[in-house]
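This report concerns only the one structure given below.
Model, not experiment: these values are computed from the prediction. Protein chains get the first letters and strands the later ones, always in sequence-line order, with residue 1 at the start of each.
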Number of protein chains: 2
Amino acid sequence: MYQHVREFVNHLVPLTEEEWEAAYPFIDVLKLKKNEFFVEEGDIARYISFTNKGYLRVYYNHDGTEITRDISPLHSFVTALPSYVSRTPSFEIIQAITDCELLVIRRDHLEELFEKYNHWQKVGRRIMEEMFVDTQRRIYAFITQTAETRYKLMMMQFPDIFLHVPLQYIASYLGITSQSLSRLRKTVLFDEE
Amino acid sequence: MYQHVREFVNHLVPLTEEEWEAAYPFIDVLKLKKNEFFVEEGDIARYISFTNKGYLRVYYNHDGTEITRDISPLHSFVTALPSYVSRTPSFEIIQAITDCELLVIRRDHLEELFEKYNHWQKVGRRIMEEMFVDTQRRIYAFITQTAETRYKLMMMQFPDIFLHVPLQYIASYLGITSQSLSRLRKTVLFDEE
DNA sequence: GAATATTTTTAACAAATGGTAAAAAATGAA
DNA sequence: TTCATTTTTTACCATTTGTTAAAAATATTC
């Protein structure tokens, strides 16, 4: 049950058995069917989740179109951070793209853990650092690469996502329309042959 | 001397006088003349800095052109995080755009502070959270807005930067060429009249 | 202050991506 | 399976941004 999250966390900050034991009572399992929501628009995000199984999508509505900010890789932490941090209604929506099994922890419980265990606070810090670096990488990609290159890199980096996620979501993650993605896929296909 | 950094940090996590006193011995002042470097390409970033005075630019070389990742607002924390976190040679370069006065702290000293004081660890976590949310906002801007809109918003949000920073740097921060920025500025100008 | 280097602007054309509309294909439900 | 719905693709034209080159403006150095 906790195997993946333990690997993920211990890779950042090795924790003692006692520190893990302190966390377990706060961790719940949440199963979502495909298309169910983890956070709906206007909710206050009170939980952080770890995707034990399945894929989540973080997106928001912009002039009637959905803008995908993130498609969670397997075994990663996800929340609607702006809402979570500031306790304000979320503009970000988090939805299960596939059936999901999530490990979730409530914000106030996590804060309690952070206050009591410096090492858990450190885990929180290290996770944010990694997420920040990832996001910076994505900004560089927007500045220096064409949509085609971004698409190819995404294919290489997260091939499993393409098996489970509708192309329109991938398009908006890449910052283009699904029509443009479709056109671009055609040229990529011919280039490869 | 410490006024601005105290305000910045206390806004995120109120610290006791004792916690501040523990930090002071680790904080040094570093003055940089315009165009001097805080981190050069290939350096390992061993310091985090807080811009007490002046503006820093974080950029990297991509096929002979400089890509600006960040122009630090006054009174903010800056480092080349990928290098800092992983202790690897930095591809990011940090340079003073104006004369600067920086408060700097060495990584090993900061880690020591983090280990000893849970609240300092929390400060580190909260700063990363804020930076992550900011970066996400920037990604949304790339996806949903044209360069013109991004330019206008930047003008409104950081008017002081435009007084001190060459336009070419702003252009690459916005993800466009300086020629495009120039063209775009002309139309913005006429629109306003 | 003159000379030099750097930055910004302008222009014409090229390439990438968007918008709209509709067809085709794939998926899901009865 | 069949029908209805959703997703993906195609096509055409519009818009945005890039590329190249050169001129103009500004800053720097001697």
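What separates CG of Asn35(B) from C1' of dT6(C) is a distance of 11 Å, to the nearest Å. Look at CD on Glu66(B): it is 13 Å from C1' on dT6(C), rounded to the nearest Å. Rounded to whole Å, atom P of dA11(C) lies 16 Å from atom CG of Leu181(B). Following rounding to the nearest Å, Leu167(A) (CG) and dT10(D) (P) show an atom-to-atom distance of 12 Å. Here dT7(C) presents its C1' atom at 13 Å from CZ of Arg57(B), a figure rounded to the nearest Å. Atom C1' of nucleotide dA22(D) and atom CD of Gln179(B) are separated by 11 Å, given to the nearest angstrom. Between Tyr169(B) atom OH and dT6(C) atom P there is a gap of 11 Å when expressed in whole angstrom units. Here the P atom of nucleotide dT16(D) and the CD1 atom of Ile143(B) are 19 Å apart, to the nearest Å.
Dashed line: the shortest gap from a side-chain N or O of Gln168(B) to OP1 or OP2 of dT7(C) is under 4.0 Å. A close approach under 4.0 Å does not occur between any side-chain nitrogen or oxygen of Lys34(A) and OP1 or OP2 of dT27(C). Taking side-chain N and O atoms only, Arg185(B) has a distance below 4.0 Å to OP1 or OP2 of dT9(C).
The residues Lys122(B) and Glu115(A) are annotated as salt-bridged, a charged nitrogen and a carboxylate oxygen being separated by less than 4.0 angstrom. Salt bridge present: Arg6(B) and Glu17(B) bring a charged side-chain N and a carboxylate O closer than 4.0 Å.
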Below 3.5 Å is the cut-off: list the nitrogen or oxygen pairs between protein and nucleotides 15-17 of chain C, distance only.
residue : atom : partner   : partner atom : Å
dT17(C) : OP1  : Ala147(A) : N            : 2.8

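Ring orientation note: the planes of Trp120(B) and Trp20(B) are nearly perpendicular, at an angle over 60° on the 30°/60° scale.
Considering only the side chain of Lys186(B), dT10(C) comes nearest among dT7(C), dT9(C), dT10(C).
Linking Ile, Leu, Val, Met, Phe, Trp and Tyr residues whenever their side-chain heavy atoms come within less than 4.5 Å leaves Tyr140(B) and Leu153(B) in two separate clusters.
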For this session: Tell me, with the steps shown, if Arg183(A) and Gln179(A) meet side chain to side chain contact (heavy atoms under 4.5 Å, CB included).
Result: CA-CA 6 Å; Arg183(A) 171 170 45 197; Gln179(A) 292 90 328; 5.9 Å; no
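Counting only N and O atoms by type, the side chains of Tyr151(B) and Arg185(B) include a donor and acceptor under 3.5 Å apart. Side-chain N/O atoms of Arg69(A) and Tyr60(A) include no donor and acceptor closer than 3.5 Å.
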